[in-house]
Structure formats: C-alpha cells, structure tokens
Visitor: 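Below: one structure in structure tokens.
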Number of protein chains: 2
Amino acid sequence: MRVLGGKWKGSILWHLKNGPVRFNDLARQLGGASKKMVVQRLREMEEAGLVKRKVVSDRPIAVTYEITEFGQTALSFLEELKNWAEKHQI
Amino acid sequence: MRVLGGKWKGSILWHLKNGPVRFNDLARQLGGASKKMVVQRLREMEEAGLVKRKVVSDRPIAVTYEITEFGQTALSFLEELKNWAEKHQI
DNA sequence: CCGTATCCTATGAGATACTG
DNA sequence: CAGTATCTCATAGGATACGG
C-alpha cells in the first residue's frame, strides 16, 4: 500500500504501459493531477523501482518515464484490482 | 484504493479471517492502532460491505465484527498483494 | 466494554506562479 | 520543457482523556 497506494500511482503505471512517455504528456493525460503531484509520485515510484526516468535530450530538455519490469508486475496486479472493483461495482 | 487502501484495512480483514472478533480484541491485535482509528476504519469497511458489526449482548455490551463474503474476496486479493510484496522484498 | 471527544502531526492533494 | 516554490485544504493517523 505504501508502494502502490494513493490516487495516482495506478494511473501513472497505466499510462506508461505502451512505452516511454514524456513528462508533460503524462501530466496532461492524468488530467486533474497537478505537475507537482505527478513529479512527487514519479520520484517515489522511481525510488521503488517501478518506473525509470530518462533524460532524452538537453537543450531543449526532454525527459521520458518508462515502466520497468518490476513496474509491469505491479501493473498486472493493479489490473486485477480494477477487475475486482468493477465486478463488485465499487 | 479508496475501499482497501491505507494502513489498517488489510490488517483488520486479516484478523477477522478466522471468525468474529470482539472490538477490544481486534484493537489489541492491531497493536499500534488507536481505538479511534480502528473504529473509523471499521465504519468505512462496514459501509463498503467488507465487514459486519454484530451486537452480541447489551449490559455488559459486547460487539463483534466479522468478515462478509465480499470482504473475503477482498482478503484473497490482499493476500496476493502480500505475496507480490514479499516476492519482491518490499 | 465499546466507543467519543479533543488535540496534535504528517502527508496527499489541489491551485497557481515562477525558473533554468 | 521539466520541473520548483508557495499556499491552502482535507484526511489518515496518533495520544490521551472521558462517557454510557
């Protein structure tokens, strides 16, 4: 729960499942989460080994985040949670 | 996450898996959670249909909490989470 | 015994402005 | 573009005392 809990981590993993995503794209896709929240959660998830940050270019700076193999196992798990929640209509 | 998240809900379900438990016993078994927290979480879990509160006797008052069938599906799920966490040492 | 009441802290979350 | 800084608010969580 410490690693996967909260409002945003699941959505972040979900949006990374098809490959690396740039920071601003990710923040936009999460509509509703401020950039502050996104970066805070990303730092924790990086620390936990769920995602990997990559600086793609300096000047203009470009950063992408991608899901790790470990993050993929967590995502599979969260999809089960989603199925459970939908099955029971909550 | 809204239904199962946080520090205590998993442990509460875990401690109810072998049958009804009285409030004070439950609070003691959760060592570290104040009675206020326990009752707050129990109320939310009752609302969500995960547990059922039963007044076993008036004077002296005795109350037990037991896991519902729905709560059992959540518990199975949380045990998978526990396995996942242990497997990856987090 | 089963809670409430009261007070406190920490943190997730949201809004908005700013910066290298 | 990818963040920081600053502020506010709500809530989880904790400690302790009190009540029916």
Side-chain angles (χ1 to χ4, degrees), chain A residues 1-16 19-48 50-68 71 74 78 81 85 90, chain B residues 1-16 19-48 50-67 74 78 81 85 90:
Chain A
M1 285 302 175
R2 184 175 31 80
V3 174
L4 298 179
K7 188 170 178 178
W8 296 113
K9 286 175 179 173
S11 301
I12 289 172
L13 283 180
W14 174 261
H15 284 286
L16 297 183
V21 180
R22 295 184 61 161
F23 176 78
N24 272 354
D25 292 338
L26 183 58
R28 256 192 308 273
Q29 287 163 19
L30 290 171
S34 64
K35 288 188 292 180
K36 190 197 73 168
M37 283 308 299
V38 178
V39 80
Q40 279 179 3
R41 293 315 132 234
L42 281 171
R43 292 288 178 271
E44 292 173 7
M45 295 167 75
E46 208 189 341
E47 176 89 11
L50 293 167
V51 301
K52 187 156 171 45
R53 178 181 187 273
K54 276 191 178 158
V55 178
V56 175
S57 124
D58 282 349
R59 213 161 339 247
I61 187 169
V63 175
T64 63
Y65 289 89
E66 60 184 276
I67 194 167
T68 62
L78 288 166
L81 175 61
I90 53 176
Chain B
M1 285 303 173
R2 182 175 32 79
V3 175
L4 298 178
K7 189 171 178 178
W8 296 113
K9 285 175 179 172
S11 302
I12 289 173
L13 285 179
W14 174 260
H15 284 286
L16 297 182
V21 180
R22 295 184 60 164
F23 175 78
N24 272 354
D25 292 340
L26 183 58
R28 257 192 308 273
Q29 286 164 20
L30 291 170
S34 66
K35 288 188 291 181
K36 191 197 72 169
M37 283 310 297
V38 178
V39 81
Q40 279 181 4
R41 291 317 133 233
L42 280 171
R43 293 288 177 272
E44 292 174 6
M45 294 167 75
E46 209 189 340
E47 176 88 11
L50 293 167
V51 302
K52 187 158 170 43
R53 179 182 185 270
K54 276 191 180 160
V55 177
V56 174
S57 127
D58 283 349
R59 216 166 334 253
I61 186 168
V63 175
T64 63
Y65 290 88
E66 60 184 279
I67 193 167
L78 288 166
L81 174 60
I90 53 176

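Worth saying up front: this structure is predicted, and the values here are computed from it rather than measured. So that the names make sense, note that chain A is the first sequence line, chain B the second, and so on, each numbered from 1.
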Visitor: Taking the side chain as everything from C-beta on, heavy atoms only, tell me whether B:Lys35 gets closer than 4.5 Å to B:Phe23.
Guide: yes

Visitor: Got a sec, which residues hit side chain to side chain contact (heavy atoms under 4.5 Å, CB included) with B:Arg22, two or more places apart in sequence or on another chain?
Guide: B:Asp25, B:Ala62, B:Thr64

Visitor: To the nearest angstrom, how far is A:Leu30 atom CG from C:dG14 atom P?
Guide: 11 Å

Visitor: Is A:Arg22 close enough to D:dA2 that one of its side-chain N or O atoms is under 4.0 Å from OP1 or OP2 there?
Guide: yes

Visitor: Given side chain to side chain contact (heavy atoms under 4.5 Å, CB included), test A:Leu4 with B:Leu81 step by step and report yes or no.
Guide: CA-CA 10 Å; A:Leu4 298 179; B:Leu81 174 60; 4.3 Å; yes

Visitor: Taking atom C1' of C:dC1 as reference, at what distance in whole Å does atom CG of B:Asp58 sit?
Guide: 12 Å

Visitor: For C:dC2, take OP1 and OP2 only and decide whether either is under 4.0 Å from a side-chain N or O of B:Arg59.
Guide: no

Visitor: Can you tell me the distance, in whole Å, between the CD atom of A:Glu46 and the P atom of D:dG3?
Guide: 9 Å

Visitor: C:dG3 C1' sits how many Å from B:Asn24 CG, rounded?
Guide: 9 Å

Visitor: Is there a side-chain contact between A:Leu78 and A:Trp14 (heavy atoms, below 4.5 Å)?
Guide: no

Visitor: By the 4.0 Å heavy-atom rule, please label B:Arg53 as base, sugar-phosphate, or nothing.
Guide: sugar-phosphate

Visitor: Quantify the bending of the helix from C:dC1-D:dG20 to C:dG20-D:dC1 as the angle between its end axes, each fitted on five pairs, to 10°.
Guide: 40°

Visitor: Which nucleotides of nucleotides 11-17 of chain D have their base under 4.0 Å from a protein heavy atom (B), which only their sugar-phosphate (S), and which neither (-), written as one string 5' to 3'?
Guide: -SBBB--

Visitor: For a side-chain contact (heavy atoms from CB on, under 4.5 Å) with A:Val21, tell me which candidate from A:Leu26, A:Ile67, A:Ile12 qualifies.
Guide: A:Leu26

Visitor: Would you please confirm or rule out a distance under 4.0 Å between OP1 or OP2 of C:dG3 and any side-chain N or O of B:Tyr65?
Guide: yes

Visitor: Tell me what A:Arg28 touches on the nucleic acid: a base, only sugar-phosphate, or nothing, going by heavy atoms under 4.0 Å.
Guide: nothing

Visitor: Would you say the side chain of A:Met1 lies within less than 4.5 Å of the side chain of B:Lys9, judging by non-hydrogen atoms?
Guide: no

Visitor: How many whole angstroms separate atom CZ of A:Phe23 from atom C1' of D:dA2?
Guide: 6 Å

